[in-house]
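This report refers to the structure that appears directly beneath it.
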2 protein chains.
Amino acid sequence: METQIDLIFAALADPTRRDILVMLLEDDMAVTDVADPFDMSLAAISKHLGILTRAGLISQEKRGRVKWCKLEPDAMRDASIWMQSFGQFEAVNLDAFEEFLSKELPPDQDFSQT
Amino acid sequence: METQIDLIFAALADPTRRDILVMLLEDDMAVTDVADPFDMSLAAISKHLGILTRAGLISQEKRGRVKWCKLEPDAMRDASIWMQSFGQFEAVNLDAFEEFLSKELPPDQDFSQT
DNA sequence: ATAATCGTCAACCAAATGGTTAAATATGGA
DNA sequence: TCCATATTTAACCATTTGGTTGACGATTAT
């Protein structure tokens, strides 16, 4: 079973898809316009957009014959939070702290006479 | 050409590898001990560790016959920063802001007489 | 010296990925 | 109605991915 975070990281792993997200930062875009700067078929871009959509990173809405792509930053936030919370745990990694202490104060050192 | 950030996001896309990273948060571990909780061959875990290593997310050091795996949180930070800076740009997305304004103040409204 | 442990490597496999081209489906405009 | 535009779908292809098993090299223990 593929979780949402699996889909988000997998989507972000491709440079074309990250570029698309950056483009959408500027403004909502039609599929054709998204495809324009890339040296790749429209069908390929359409697939990339499908992957971004399934990951929840963008949404697509059809108005008339053009389908508009819109950034959905909340989805990105989920993965970002995973990483940041990871950093939080890292900050309180007791073992690393203990190792640090053991280097500062070698365990066999005797302070009882000082 | 695969950039470091490609490798990092691809590495994070697999739940087994994310689990391994969480385990390494606790302490450095031998390959065999990393593999233990997983219902998967040692060789498979060895491959996952190789992918994490190439992404720079962990490092491996062989002491005697055991190879120790160690978390390298700096690498994660690169991808985290990509996402966060993305959020920064989003915060100053002028077009979205303009759209917000246009909803609050319909453009054909006439304030000249008030 | 022999045996057990730690880990990788090679060969293989099925499924997923990222691309192509060509045809099909809407929808909009003349 | 007929043509052009916008986008997806289908079929295909090469490569990558995530897993397996079995053999192997290196190290440690008996």
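Order of the sequence lines fixes the chain letters, A, B, ..., with proteins taken first and strands second; residue numbering starts at 1 for each chain. Here the structure is a predicted model, which is why all the values come from computation and not from measurement.
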Taking every non-hydrogen atom, the tightest pair across [X] and [Y]:
X: A:Ile8; Y: A:Ala79; answer: CG2-CB, 3.6 Å
X: B:Leu24; Y: B:Cys69; answer: CD2-O, 3.5 Å
X: B:Met23; Y: B:Val34; answer: CE-O, 3.6 Å
X: B:Met83; Y: A:Met76; answer: SD-O, 3.9 Å
X: B:Ala13; Y: A:Phe9; answer: CA-CB, 3.6 Å
X: B:Glu72; Y: B:Gly56; answer: CB-O, 3.3 Å

Exercise for the section: When you get a sec, tell me which of D:dT8, D:dG19, C:dT27 is the closest nucleotide to the side chain of A:Val31? Expected result: D:dT8
Exercise for the section: Select from B:Lys47 and B:Lys67 the residue whose nearest nucleotide in DNA chain C is closer to the 5' end of that strand. Expected result: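 Between the two, 5'-proximity favours B:Lys67.
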Exercise for the section: Would you check if B:Trp82 and A:Arg18 make a side-chain contact, meaning some heavy-atom pair closer than 4.5 Å? Expected result: yes
Would a hydrophobic clustering, with Ile, Leu, Val, Met, Phe, Trp and Tyr connected at side-chain separations under 4.5 Å, put [X] with [Y]?
X: A:Ile20; Y: A:Met29; value: yes
X: A:Val22; Y: A:Val31; value: yes
X: B:Ile51; Y: B:Leu71; value: no
X: B:Leu21; Y: B:Trp68; value: no

Please list residues of [range] whose heavy atoms come under 4.0 Å from any atom in DNA chain D, ordered by number; otherwise none.
range: residues 49-63 of chain B; value: B:Ile51
range: residues 7-22 of chain A; value: none
range: residues 35-45 of chain B; value: B:Met40, B:Ser41, B:Ala43, B:Ala44

Problem - Separation of C:dA24 C1' from A:Arg65 CZ (nearest whole Å) - result: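 That distance rounds to 16 Å.
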Problem - Value in whole Å for how far the P atom of C:dT8 lies from CH2 of B:Trp68 - result: 14 Å
Problem - Side-chain N,O (B:Ser46) to OP1/OP2 (C:dG7) below 4.0 Å - result: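 Looking at the OP1 and OP2 atoms of C:dG7, neither is under 4.0 Å from any side-chain N or O of B:Ser46.
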